[in-house]
Each structure stands twice: as structure tokens, then as C-alpha cells.
Amino acid sequence: MTKISNPSDEDIIHPINVLLHQGNFKKALALLLPYKNFKLNQSIMTLLGIAYAGCNQPKEAAYHLCLAQQLKETPYQHSCSELEPYLGSHNLYSLIFKVFEEAFKLQSADELLYIAYANILQHTKQSSKAILYIRKCLIFSKKQDWLLNILATILFEAGKYPQALKIYKYLEQRNEDNVTILANLASYYNAINDTEQAFIYYRKAIILNPLWASIRVNYSLCLLKGQYYYQGWAEHEYRLDTPNHTSLPRETLLPTLTNTTDIQGKKILITQEEGLGDTLMYLRFVPELIKRGAIVELWVAKTMKGLCERIRGKPMVKVGGEEAPFFDWHCPFISLPRALSADPNKHKFIPYLTADRKKINFWKKKLPDTKHLKVGLVWGGSPHPSDAYAVMTDNKRSIELTKLIPLLRSVKNATFISLQMGHHAHEINDLPKDISVFNPMTEVQDMDDTAGIIKNLDLVISVDTSVIHLAGGLGANAILLDRYDNCWRWISGAEYSPWYPKTRIIRQTRPRIWSDVVKKATSLLQEMADKHEQKTT
């Protein structure tokens, strides 16, 4: 008989985790079943619940996830919350909802279960239903202020700002020293571009809890939004105290450089940290380090390698994840502007990205041969189901392609070409038959290919995602379809950003409402198409 080892051992948990993330739920379940009754181990119960859910056995899934919840010593979220990182990445939300339906039968008065369900509903753009479930929970729960704060946050994320503010203000009156409420009020005022009022609340929260890294990071973003760049860059270093950032030694982090700092001959390793958009934006600073005599090596995602190899100064480029080489200093891309005290208003913008000539010629032959205005189109970002913040950001910045039908149908003398990759790409299949969007993306291998396509276009229209940074860095004409609570780099109240002077910004005038953006973009695009037609005839 085979001896079963302790199921908490990493050599058991890790391979099952890998299988579950890969979507191989059946095999994971088969490996887990021998451990099913092993001392009621919480980790095993949770993994069993996930595996059963993926195999479409919602009753078994709910039973094991609720059992795992009871085994937690200090629960801060329900075990059913673990479903989304695994099943959500495979778009199996229908199975997740089945499990919650069964879980409510087992734990009908568990606040954490209601909150977990509301979060999933919110992530799948069902905010009205999420609000309803939190209100249901308020009926029986004694934790009123806690739940009201969650309700206000859901209302805020859904764009129902007045309702959210009313609750936040009520909670502030009840406890004016509650750091979470102060931070949420700061986020509210930052979202409506009242940065001065946001500063007041952020500073109150920081005085009460100066080491809460996530609040310091949000404060830094508010500073950057207000164009207080030097203070913002310095404050933004607090992100390194949050999960999923650089693991390299803090003592060898590149310091803020002065005009007299000697980096001649110093080896500086620059590492990818967050999304591709941030890397594309901050690549502009690499040539300055090389110009000052540094030996620069870039660690980037595979899709970025070719593009990075053509940066001025020709830095060494490797795909991240390898063993760290020798270096004198390391610097995540997002720390580069802090190290160089960057201010876009004090530096002339020069296109810092170039496309490969062979790629340009290759895609010229592949794209439609037309004299009409050629327009690249991106309507969605990357949701990353395992990251709740990324999901909520994507819900705000991405626009369903069907909402662009008025633009696609109305604008004459324009040829639309998809530049959309990833999660939202399938939406092109939902367009009516009378609307044509050429889709070359099935042949695209990396950002170099996308850059080659862009150089054959007259214009790129995109939501706030990596392609808008790529177009901007190439110096291409672009239109950004921007959300109401814009990212700091797009400059509140402005039609252009100093980071990308050839990118026109069209922003929502109401939270989460795209109709006015589409109407304005349609008018602007038709004007551009008419001018282009006059030049080519």
C-alpha cells in the first residue's frame, strides 16, 4: 500500500495547484481524492472544492469549500473566493455561480459568502445584483458599518458616485479616524479629479497609519495626477512594500541620480514589474542611462524583446525570469522616472520606439490595399482574473466592441483593422455582417509585429492599454478612448498628454458611460477620413 504523506507538503500542493491553474480539473481531482479525509486539511478541502467546481459538481464543490471555511482560524474572505483565480481565467463563471448557489444553502448567514458573491458579480459587470446581495446581508448582519463601506465601494466602482459619497460621508461622521473610510474618500475625490480634496483625506489616513503601503501608493498616484511629479515618484516607491514586486535586494536599488552622480561603467539591471504598458512608457528613459555611461541590461517579457533591442544605445535585452546576472544597481521600470527625476513638461518628446523594417514591409503586404484612412482598433485590456484590482480596472477602461458599432457603421472612407489581442478579441465575431473589421492578429507573434502593423496605419484608436503606449512611443497618430476617472498619465481636463503629444484624448463625461465618447470619436474620425480622402484624390 502506498503511504500518503502530509498533504500540506509543497511537493503535493504545488503540482495540484499547477493543474488547477491549467484547467486540468479532472486530473487534479483524481490526485486529490486519496487525501480527501486526511485530518480535514483546509488546503486540501479548498483545492477539492475548486477541482469539483471545474468538473461541474457544484454540490461537492460547495460542501468542501464551506468545510474549508470552517477550518480557517482567522478567516478574512470566504473560501469560495478562491474559485475565480482558477475558473475565471478559463471563463468558467457559469460553474462558479452554480457553486455559490449551493453554498448559500449551506451557509445562508455568512457575511463573507455574501461579500465573495458580490465581488464575483461585480467582476462580471453585474453591479446591480452585487448591490442587492450586500443589502440582503445588511438585513441580518450586526457588522453594519463594515458592510456599508463595502456597499459604498461597489456603488463607487459601478460609477454611482453620489450614492457612494453619501454612505462614505455617513461613515466618516460615525468614525472620523477610520483609515479605510478616509482612504476611500480620498479615492473618490481623486476619481472626480478633485486632487486637492483627495490630498486632505490621504494625508489624514497616512498620519493615522503611515506604513500602510497601498494607501501610500494611491497617494502617489494622486500626486502624479496633480502633476507633482518629483513627490509622486518618491512616494510611489511604497509599491515595493506590496506583493508581486521586485524580489531583488532593496539596498542595490538604483538611487535618485543627480547631475554629478557617476554611473560610468556601472551595470544597471532594469526589470519588468507590472503591465506591458508601463514598460513601454518607461523605455523612454533607458537611453539617458546609456548616454551617461551605464551598461544597461533589460529584463522584459518575451513579446517585448525585439522592440527593446532597437532602443537608442542598444541595451542588452533578455527575457525576464532567468537567474539574475551580476549588477551594480537594479531598477524596476516604474522606478526609472524617480531615479531620473522625470518631468514630461521639461523634456522635448522624441519618439523612442522604432519598428523593424522587415516587419513593416511584411505587414504592408498583408493589410488591405486601400487609399482610405487605415485605422487600427483596440477596445479591451487584460483583465487578469487572479487580480481583483486588474479586473475592476479593466471593467472601467474596456469598451464592448458592440458599443463601437455606431462609429464603425457611420464613418465613411475608413478601413478598420483590429489590433486587439487576448480576452476581448472574440468580440469581433459579434459584429453585424454589414460591418467589416480586418483582423490580422491571429498571425501576430509579439509587440514587434504590432509595431510593424501600426507603421502601416494612419491612426490608432485604443482604450487605455499597452497598444496606446506602443503607438505613442512610435510617434504614431492615436486617439485614446478614456474612462471618466482617468489614469494620472492622461492629464485630467486635457485633450493631449505631454507623455504622448500625438495622442488625442476623448474622455467620458459621465462615469462608465461610453456613448458620448463614441459620438465625439465618430465625428472626429469622419473629419480625419474626409481630409485623408481629399489628399489622396
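In this text, all values refer to a predicted model and were calculated from it rather than measured experimentally.
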Rounded to the nearest 0.5 angstrom, the CG-OG distance for Leu113 and Ser108 is 9.0 Å
Exercise. List the steps, then state whether ring-ring contact (aromatic ring centres under 6.0 Å, His included) holds for Tyr133 with Phe100.
Key: CA-CA 12 Å; Tyr133 267 79; Phe100 272 99; 9.3 Å; no
Discussion item. Looking only at the side chains, is there a donor atom on one of Asn17 and Tyr86 sitting less than 3.5 Å from an acceptor on the other?
Written reply: yes
Is it true that the side chains of Glu237 and Ser335 contain a donor and an acceptor less than 3.5 Å apart?
yes
Review point. Are the side chain of Gln508 and the backbone of Asp516 linked by a donor-acceptor contact shorter than 3.5 Å?
Key: no
Q. Are the side chain of His423 and the backbone N or O of Ser89 linked by a donor-acceptor pair below 3.5 Å?
A. no
Would a distance-only check, ignoring hydrogens and angles, find a side-chain to backbone donor-acceptor pair under 3.5 Å from Thr303 to Met447? yes
Asp446 meets the salt bridge (Lys or Arg N to Asp or Glu O under 4.0 Å) criterion, sequence neighbours left out, with none
Self-check item: Stepwise ring-ring contact (aromatic ring centres under 6.0 Å, His included) test for Tyr201 and Tyr189
Solution: CA-CA 9 Å; Tyr201 280 104; Tyr189 284 109; 5.8 Å; yes
CD of Gln22 to NZ of Lys27, rounded to nearest 0.5 Å, is 8.5 Å
Just by distance, do the side chain of Thr246 and the backbone of Leu248 share a donor-acceptor pair under 3.5 Å?
yes
Distance-only donor-acceptor hits, side chain of residues 46-60, under 3.5 Å, sequence neighbours excluded:
residue: Thr46; atom: OG1; partner: Gln42; partner atom: O; Å: 3.0
residue: Tyr52; atom: OH; partner: Lys36; partner atom: NZ; Å: 3.3
residue: Asn56; atom: OD1; partner: Lys98; partner atom: NZ; Å: 3.3

* Aromatic plane relationship, His469 with Trp490 - under 30° parallel, 30 to 60° tilted, over 60° perpendicular -> tilted
Taking NZ, NE, NH1 and NH2 as the nitrogens, is one of them in Asp464 or Lys396 under 4.0 Å from a carboxylate oxygen of the other? no
*asked:* When you measure from the side chain of Thr124 to the backbone of Leu121, do you find a donor-acceptor pair of N or O atoms at a distance under 3.5 Å?
replied: yes
- Going by an N to O cut-off under 4.0 Å, is there a salt bridge joining Asp394 and Arg483? no
Are side-chain N/O atoms of Tyr202 and Glu235 paired as donor and acceptor at under 3.5 Å? no
Interatomic distance, NZ@Lys105 vs SG@Cys66, rounded to 0.5 Å, equals 12.0 Å
Smallest heavy-atom separation, Phe438 atom then Pro440 atom, equals O-CD, 3.4 Å
